[in-house]
Amino acid sequence: MTNTPAEPRPQTTALPSLWDDARAATMTEPEKLLYRSNLLGSDKRITNYGGGNTSAKVMERDPLTGQMVEVLWVKGSGGDVGSIRMDGFSTLYMDKLRALKGVYRGVEFEDEMVGYLPHCTFNLNPRAASIDTPLHAYVPKNHVDHMHPDAIIAIAAAKNSRALTQQIFGSEIGWLPWKKPGYELGLWLEDFCLKNPEAKGVVLESHGLFTWDDDAKTCYQTTLRIINQAMEWFATETTGKTIFGGQKHASLREDDRRAVAARLMPAIRGMVSGAQHMVGHFDDQPAVLDFVNAAGMAPLAALGTSCPDHFLRTKIRPLVVDFDPALNNIDAVLAGLPAQVAAYRADYAAYYDRCKHPDSPPLRDPNAVVYLVPGVGMITFAKDKATARISGEFYVNAINVMRGASTVSDYCGLPEQEAFDIEYWLLEEAKLQRMPKPKALAGRVAFVTGGAGGIGSATAERFLQEGACVMLADIDATALEAVKANLASRFGADMVRVVQMDVTDEAQVTAAYAQTALAFGGLDILVSNAGIASSAPIEETSLALWNKNMDILSTGYFLVSREAFKCFRTQGIGGSVVFVASKNGLAASPNAAAYCTAKAAEIHLARCLALEGAEAGIRVNVVNPDAVLRGSKIWSGEWLDQRASTYGKDKEGLEEMYRQRSMLKRSVLPEDIAEGAYFFASDLSAKSTGNILNVDAGNVQAFTR
Ligand code: NAD
């Protein structure tokens, strides 16, 4: 056991100005806005992912009248200032935005104002305007930054946030009480600016920071300066103080933390994947460990998160798992988890019932997103890997906020009704309804052995196209890295992980599954595909060659299936196993007895497992390739030479010979096998188990009967 002292972790490194005058000199005002936005969003201390927005009021030529008109460029709905491009901004006529005041019927009707925003669109810009547009439009300054820095939200979420704001910033930065973002808040900001013309910005209670200026660079620098001032103030103010009520637990060692998380995650995943399969993320960075180990963690966590962005991603509060690192009571915790999860759901449903309005959208998934485990870290679950990771990042933001606020004052969560009104806001619901339908394998996790090879990597690619997360397992580390780099660049680094593993090594197989549980939360699909091929007449087949075939193709398939079954049973949400066997498992082939026999054993193993797994919803099916020469490493080595000499051909001749030998006279490609694997892995084949699909361009010897 190692101790993680709950000492202050002040953020003392000041945010540097990255503004380059030479670059900015060549830019138009909208380009400077883009530049400033990307600079601001590049540092998570300035704003969280997707949080905050930026704007510029720019004179533009009206395409209808040819006159110069004032146009608001403001981050559109969705997106992230760090990665926004020009098309991420919406553009609106300022005179029309001002005219909206004439149709405003008061705060109880403020949501209807969102419907007027499209009427203000300048130049047919298709980017939808965000709910926050009035917050920028009515500030009478050319440039406005709205950021969510942890250091400022820590002030905004402190009980005496108004006094702290005054104490730290004097009259330069004002303070406004909590108000849901929307039209009314825009009017409040305007009113504040008109009454305080010298102010450079405002802290919004429980929310974040607004800063402004008539010059783009000065606006950027003001934003940094104010955040730096807050960070420095906290660094001084928290030095030597007890954080989070002091330390209660010690962290387990890193390996032990990961082992506990790898056991917890599939169990939780099974319980929260009712409506939709969820993907997990694990984080044990020092800021998380400080919090989960602290005496004050449970009461602070119960208060809920503060900034609306935080809790929209994390739900209002996390579930604290009943783990005691001193006892390492993982079995007892697993036994008690169903009750803990049920209690969380009941609590969430009660919150919904307490706060709902007659027109509220129906109750959403009542499961927790964030799971805090003393001594171990934080687990998050969401509908895909990126969302699970980002939800975790948001909770780290929330931890930073609680650390600051609770050390210098009392931390205040967002009042429950306010939180509900944002979570179940009809405008948020409309956004959710507009989301595209999830892909066929969204939320699914696949483990592909031989993932660095021809058929394995093609299968991984097919699964990624359908939204699955993929763990590629292979003995060849170099090839694994190459395949990972290619797939991650096309489908996103969140979606692809690799593990070097020999399928014949029991300990390595077990460890690879633990790594998968830690990386993605569990498992839905196993593609057992790692393989070799060998060719020799029976008299020349050495015992070593025989055993090698049996080890990799039969024992290897057994070992990876057994571990997959264990994970499937822990989760209790079914699973799909696909064996990539071979036509040669059904049809005898000359000079390949060891290979053919091992492949036949695979096929029969699949049938046995189909029988055993059915009651748990675990399906097991087989895809039989034949003569997949392109992309396959098998066909670049000895096997190629041996087959070529068996049939008296060179490589091209051999491919042609196999094509002509097939009934359909077609070559079989890795993508064809991948399609078969996808069919069996997905719900397309939800009612098939114990089946064999030959993908061999037709071979009468391999007909099943
Ligand atoms: P490939 O050589 O391109 O890929 C096989 C992968 O398995 C390689 O990346 C290799 O490193 C890996 N591997 C080998 N031994 C391993 C071990 N002990 N542990 C972990 N990984 C290991 O070949 P492929 O054509 O993609 O073959 C995939 C599967 O398809 C194999 O099971 C093979 O028998 C079967 N198959 C292929 C063909 C064909 O014509 N290519 C025909 C029938 C069956």
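We count ligands from 1, going down the list as the structure has it; atoms in each ligand are counted the same way.
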Give the residue and atom name of whichever protein heavy atom lies nearest to atom 18 (N) of ligand 1, and the separation in Å to one decimal.
D502 OD1, 2.9 Å
Of the choices T504, I475, L553, which has the non-hydrogen atom that lies closest to atom 16 (C) of ligand 1?
I475
Provide, to 0.1 Å, the distance between atom 26 (O) of ligand 1 and the closest protein heavy atom, together with that atom's residue and name.
I455 N, 2.8 Å
Work out whether the distance between some heavy atom of V580 and some atom of ligand 1 is less than 4.0 Å.
yes
D474 side chain reached by V498 side chain, heavy atoms, under 4.5 Å:
no
Distance to 0.1 Å, residue and atom name: give those for the protein heavy atom nearest to atom 1 (P) of ligand 1.
K633 N, 3.5 Å
Answer with side chain, backbone, both or neither: which part of Y658 has a heavy atom less than 4.0 angstrom from an atom of ligand 1?
neither
Centroid-centroid under 6.0 Å between W546 and Y595 rings
no
Assess F579 for proximity to ligand 1: is some non-hydrogen atom of it under 4.0 Å away?
no
For ligand 1, is A627 a contact, meaning one of its heavy atoms is under 4.0 Å away?
yes
Could an N or O of ligand 1 be found under 3.5 Å from any N or O of G454, whether backbone or side chain?
yes
In Å, rounded to the nearest 0.5 Å, how long is the span from CZ of F381 to CG of D365?
12.0 Å
Note: K583, heavy atoms under 4.0 Å from ligand 1, region reported as neither
Could you find the nearest protein heavy atom to atom 19 (N) of ligand 1 and give me its residue, atom name and distance?
V503 N, 3.0 Å
Would you say W635 has any N or O atom under 3.5 Å from an N or O of ligand 1, going by distance alone?
yes
Closest approach of any protein heavy atom to atom 20 (C) of ligand 1, naming residue and atom
M501 O, 3.2 Å
Number the atoms of ligand 1 from 1 as they appear, then name those within less than 4.0 Å of a heavy atom of Y557, with their elements.
32 (O)
Using modelled atom types and a 3.5 Å cut-off, is there a donor and acceptor pairing between side-chain atoms of T570 and backbone atoms of K566?
yes
Where the side chain of S554 meets the backbone of D551, is there a donor-acceptor pair that is under 3.5 Å apart?
no
Quick one: which of P625, G450, A477 has a heavy atom closest to atom 43 (C) of ligand 1?
P625
Can a donor-acceptor pair be found between the side chains of N624 and N694 at a distance below 3.5 Å?
yes
Of V628, N549, N529, which has the heavy atom at the shortest distance from atom 29 (C) of ligand 1?
N529
Could you tell me whether K548 atom NZ has more than 12 heavy atoms of other residues or ligands within 6.0 Å of it?
no
Run down the list V668, L669, I634, N624 and name the one with the heavy atom closest to atom 2 (O) of ligand 1.
I634
Count the heavy atoms belonging to other residues, nucleotides or ligands that lie under 6.0 Å from NZ of K687, then report whether that count exceeds 12.
no
Among Q571, R269, R444, the one residue meeting side chain to side chain donor-acceptor pair (under 3.5 Å) with D524
R269
The closest protein heavy-atom partner of atom 24 (P) of ligand 1 is S632 OG, 3.6 Å
Are any of the N/O atoms on D476, whether in the backbone or the side chain, positioned under 3.5 angstrom from an N/O atom of ligand 1?
no
Between A581, G531, A512, A473, flag the one that comes closest to atom 36 (N) of ligand 1 by a heavy atom.
A581
Between R313 and N48, does the side chain to side chain donor-acceptor pair (under 3.5 Å) criterion hold? Intermediate values first, please.
CA-CA 11 Å; R313 292 279 188 168; N48 48 10; over 6 Å; no
Within the structure, is a non-hydrogen atom of A452 found at a distance of less than 4.0 Å from ligand 1?
yes
Say whether D626, considering both its backbone and side-chain N or O atoms, lies within less than 3.5 Å of an N or O atom on ligand 1.
no
Using a 4.0 Å heavy-atom cut-off, say whether P670 meets ligand 1 through its side chain, its backbone, both or neither.
neither
Looking only at protein heavy atoms, what sits closest to atom 11 (O) of ligand 1 is D474 OD1, 2.6 Å
For a side chain to side chain contact (heavy atoms under 4.5 Å, CB included) with I455, tell me which candidate from V628, V695, I634 qualifies.
V628
Would you tell me whether N621 and T689 have side-chain atoms, one donor and one acceptor, within less than 3.5 Å of each other?
no
Under 3.5 Å side-chain donor-acceptor pair for R389 and T380
no
Relative to the heavy atoms of K599, which atoms of ligand 1 are at a distance of less than 4.0 Å?
31 (C), 32 (O), 33 (C), 34 (O), 35 (C)
Best match, A598, G453, A530: closest heavy atom to atom 22 (C) of ligand 1:
A530
Which heavy atom in V369 sits nearest to a heavy atom in S391, and how many Å separate them?
CG1-CB, 3.8 Å
